Amino acid sequence: MSKEALALLEGQPPEAAPVAATRVLIADDDPGMRAMLRAAVRKLGFEPVLAEDGASALLAFRQSACSLVLLDVEMPGLNGYELCGILRGEAGPFVPIVLVTGNDDVASVEDAYAAGATDFISKPVNWPILGHRLRHLLKNFGIQRDLQLAQARNAAILDALPDLLFELDAQGRFIQCNVPANEELATHHRALVGRTVSEALSPKLRELAMAAAAEARTLGHASPRTYRLHLPAGERWFELSVARKPTHGLQEGQEGPEGPTFIALSRDVTARKHAERRISDLADSLRQANADLRRANDQLQRQAFEDPLSGLPNRALFHERLDQALQRIAAQGNTKGSGLPCELGVMFIDLDGFKPINDTFGHAAGDGVLKEVARRLQSVVRGADLLARLGGDEFVALIESPTADEDAMRVGGRIIEVLRRPYPVGRHRVSLSCSIGVVLHPGQEPSGDRLLACADAAMYEAKRAGGGSCVLYEKSMSDEGTEEVLMRQALRESLERGDLALHYQPKVDCTQGQVHGLEALLRWEHEKFGQVSPEIFIPLAERYGLIGAIGNWVIDTACAQLAHWQAQGLRCHIAINLSPHQLRQPDLVDRIGQALGAHRLRPSQLVCEITESTMMEHSVQERATLERIAALGVRLSIDDFGTGYSSLAHLRHIPAQQLKIDRSFVTDLASSEQARHVVQAVIQLAHGLGMEVVAEGVETEAQMQVLSRQGCDLVQGFHIASPMPAADVPGWMRDREHTPSLWSPLPGPAA
């Protein structure tokens, strides 16, 4: 009897394997891709194990048990297919192996599954979907492991069940019966000795036993046969196995003078029958879970590539389709007149005069106009062409045909015409025009980003000409924007490599000088462009859709840094800046909550700063986002106060606890009585609304003294300290004589 069966009979659980950390093996020879996969895996709460080629990945897998494997297909030495086959043989069926490949053709997919892959992911990777797919893979394989454990547990129970053992002679007479003493059929079976099968058993059971003996006489053993008995304790199932008993001194197949004898084993398989029924139910549940997973993946795929406002394809899907079209043209060559699509026209469509609609009628009305614009564009663009919304009032179209130049200009004229028709906004009717830039390929660089930038340049040329026109791109239009294109690409690469950095500037108590917190400020230093000002690269990131990824990185990095300082005993707040684009991200609040939870921080330790203009121009959706952030317990701060157009009515209903006076009001504070009156009024206003006041841009002791007399709560600026790298903060803190209490032991991290 097995060790596990004995443990179950004694009422003790079998020995459990030690719980290992959830590790994910990442094998990719591209350092950038490894870094991005590592970041994605860490955000899921898993421990990444990195390898740069197939051989090192195999060694890492053998040294460290991994729950999931991500493999690049093209690697030096062992490629992804070869390594997948080796790992599948060593890991067994319950470790998901995912191939990451730039190929999504049928042959590549078949090769992946033939090598033992669980799934494959095409490049470029869709990062929001990646996290969901990995979680669902681990969940499904966890269900399968649970199923295997259930089967093992049932096998242990079956091993411990009593078996009924009989020996029969050639005439079917019971020679010997071996029955456990506690078996309820013991007396009955002991009475069988000396009797024949025909005398002792029911006709149906006798037929079953004799058929099994005949098969065993010919083959040496009979296949198991199952039968059912109705006993006083209830219905029971048994399995009959019969084997011919070897005869000593005779050759194989020879029989003694009295014929062969047989060993018959009757095992109670009632528990197994019940277990098989449960396993069948589990299998049905697993199939249902897989079907639900497929439906969820389909829904996520639609959400990832669909603009939620207009229902049109979004930026990600447009870039994917544009890259595919460029590959088709590169493969077929520029063969005009062949009847095949051999030209691309990329159209960049931007509305003229849309911002006043938002300012006058509100963002809800503006959203209604954008939906109507999308509907009208769909009525003009051909079904075979692609129409997408990049964001805001920017739309793009992709035309693929042998005469893309003529088609694009014709479609551009029709777009201008349909968008000029008035739009109903409440009881009013408003008019809009649009500016369109068109770029053609072949004729330009075979890069989707470059083509879009060229179309953008042509669109701005249309705006400079007064708007309401469609302009075909010429090389001279983007000469001035070459550096911007290169800088945008460099910013994207720096984000992927993790080259961005956060510097931290302290905020101190205006009267006592004690450190109250630090503001995290984004910095980018590039080998070619040098130290790039945030005033340059932040608008660039917003314009080309990078601000979401950068904002997510800032949230997680700042929280991780605060957790590190907290472990050292430092008690303070940390402030991050949120852009208007981030407030429109549907998962922003969840990301903040996840970062706080992952680093075990109290929500009150985080301050989110939003500029005054953002606070005043927010839509209903953005207002709800602010309220959800505040509901987490995170503090909200109005940044750059005095540079926008706040109204007292708005301030009363904004869930902010802090107000930051813009540096432009602090600059001449010591020398201008008018500036002092303005700042005094702002401080009194904020205090009257229950807000804490921070003055930024403090550069002199005289400014500090004026602010202290006026009742300002906190100050920030070069007079206190310049923004510094994270590594310099602890030393700066300890050097200040009035802050040793900040390094006292903390009561413990947030639960």
Side-chain angles (χ1 to χ4, degrees), residues 362-363 505-510 516-522 538 551 554-555 558-559 562 572-585 588-593 595-596 601-666 678-698 707 710-717:
H363 286 269
Q505 188 173 36
K507 301 177 186 177
V508 303
D509 185 275
C510 194
H516 180 270
L518 302 107
E519 180 179 0
L521 299 168
L522 188 60
I538 292 297
V554 169
I555 292 170
C559 288
L562 181 57
C572 68
H573 300 85
I574 198 162
I576 60 173
N577 292 277
L578 297 181
S579 74
H581 291 71
Q582 285 178 274
L583 291 179
R584 291 192 287 270
Q585 289 180 286
L588 174 64
V589 180
D590 292 337
R591 286 186 176 275
I592 293 175
L596 292 170
L601 297 174
R602 296 177 178 84
S604 59
Q605 291 178 268
L606 181 65
V607 179
C608 290
E609 297 188 1
I610 301 98
T611 63
E612 179 190 16
S613 57
T614 300
M615 281 283 194
M616 295 305 113
E617 294 178 359
H618 63 259
S619 65
V620 174
Q621 175 187 352
E622 292 160 0
R623 171 62 183 271
T625 298
L626 293 175
E627 291 177 346
R628 289 177 61 202
I629 292 174
L632 287 177
V634 175
R635 304 182 71 207
L636 294 177
S637 175
I638 303 177
D639 195 11
D640 299 337
F641 186 79
T643 60
Y645 50 91
S646 302
S647 70
L648 295 180
H650 274 92
L651 285 177
R652 289 179 57 232
H653 299 290
I654 293 175
Q657 295 84 36
Q658 187 182 86
L659 184 148
K660 295 186 71 175
I661 302 175
D662 186 69
R663 64 180 66 247
S664 61
F665 292 95
V666 177
V678 171
V679 170
Q680 180 70 64
V682 172
I683 292 173
Q684 291 176 352
L685 170 65
H687 285 169
L689 295 173
M691 294 185 183
E692 182 180 60
V693 180
V694 182
E696 55 183 350
V698 177
L707 290 167
Q710 291 184 333
C712 184
D713 301 301
L714 304 174
V715 292
Q716 175 184 359

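All values below were derived from every heavy atom in this structure, side-chain atoms included, with hydrogens, water molecules and symmetry-related copies excluded. Model, not experiment: these values are computed from the prediction.
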>> Suppose we screen for side chain to side chain donor-acceptor pair (under 3.5 Å). Which residues come up paired with Glu609, at least two apart in sequence or across chains?
In response: Lys507, Lys660
> Do Leu659 and Leu689 have side-chain heavy atoms sitting under 4.5 Å apart?
Replying inline: no
> Looking only at heavy atoms, which two atoms of Ser637 and Gln658 are closest? And how far apart?
Replying inline: OG-OE1, 2.9 Å
> Out of curiosity, Cys559 SG to Arg591 CZ, how far, rounded to the nearest 0.5 Å?
Replying inline: 12.5 Å
>> Nearest 0.5 angstrom please: Thr611 OG1 to Ile638 CD1, how far?
In response: 10.0 Å
>> As a quick check of understanding, evaluate side chain to side chain contact (heavy atoms under 4.5 Å, CB included) for Glu519 and Asn577, giving each step before the final call.
In response: CA-CA 8 Å; Glu519 180 179 0; Asn577 292 277; 3.1 Å; yes
>> Under a 3.5 Å distance rule, please check whether Asp713 uses its side chain to pair with a backbone N or O of Val694 as donor and acceptor.
In response: no
>> Run the salt bridge (Lys or Arg N to Asp or Glu O under 4.0 Å) test against Glu692 and tell me which residues pass, sequence neighbours left out.
In response: Arg635
> What heavy-atom pair brings Gly517 and Cys572 nearest, and what distance separates the two atoms?
Replying inline: CA-CB, 4.1 Å
>> Using side chain to side chain contact (heavy atoms under 4.5 Å, CB included), reason through Ile574 and Leu601 one step at a time and then give a plain yes or no.
In response: CA-CA 11 Å; Ile574 198 162; Leu601 297 174; over 6 Å; no
>> Is the shortest side-chain heavy-atom distance between Leu588 and Ile555 below 4.5 Å?
In response: yes
>> Show the nearest heavy-atom pair for residues Glu696 and Val666, with the distance to one decimal.
In response: O-CG2, 3.6 Å
> Out of curiosity, Cys608 SG to Ile592 CD1, how far, rounded to the nearest 0.5 Å?
Replying inline: 4.0 Å
> Closest approach of Cys510 and Val715, non-hydrogen atoms and distance?
Replying inline: SG-CG1, 3.8 Å
> With sequence neighbours excluded, what pairs up with Gln684 under the side chain to side chain donor-acceptor pair (under 3.5 Å) test?
Replying inline: none
> Do Val693 and Leu707 pass the side chain to side chain contact (heavy atoms under 4.5 Å, CB included) test, and can you show the C-alpha distance, the side-chain angles, and the key distance before you say yes or no?
Replying inline: CA-CA 10 Å; Val693 180; Leu707 290 167; over 6 Å; no
>> Checking Asp590 now: which residues fulfil salt bridge (Lys or Arg N to Asp or Glu O under 4.0 Å) with it, not counting sequence neighbours?
In response: Arg628
> Between Arg602 and Leu596, which heavy-atom pair has the shortest distance, and what is it?
Replying inline: O-CD2, 4.3 Å
>> Taking the side chain as everything from C-beta on, heavy atoms only, tell me whether Leu522 gets closer than 4.5 Å to Ile538.
In response: yes
> For Ile683 and Gln710, which heavy atoms make the closest approach, and how far apart are they?
Replying inline: CG2-O, 3.7 Å
> For Ala520, which residues count as a side-chain contact (heavy atoms from CB on, under 4.5 Å) partner, sequence neighbours excluded?
Replying inline: Leu502, Tyr504, Ala558, Ile576
> Once you round to the nearest 0.5 Å, how far does CD1 of Ile610 lie from CD1 of Ile629?
Replying inline: 6.0 Å
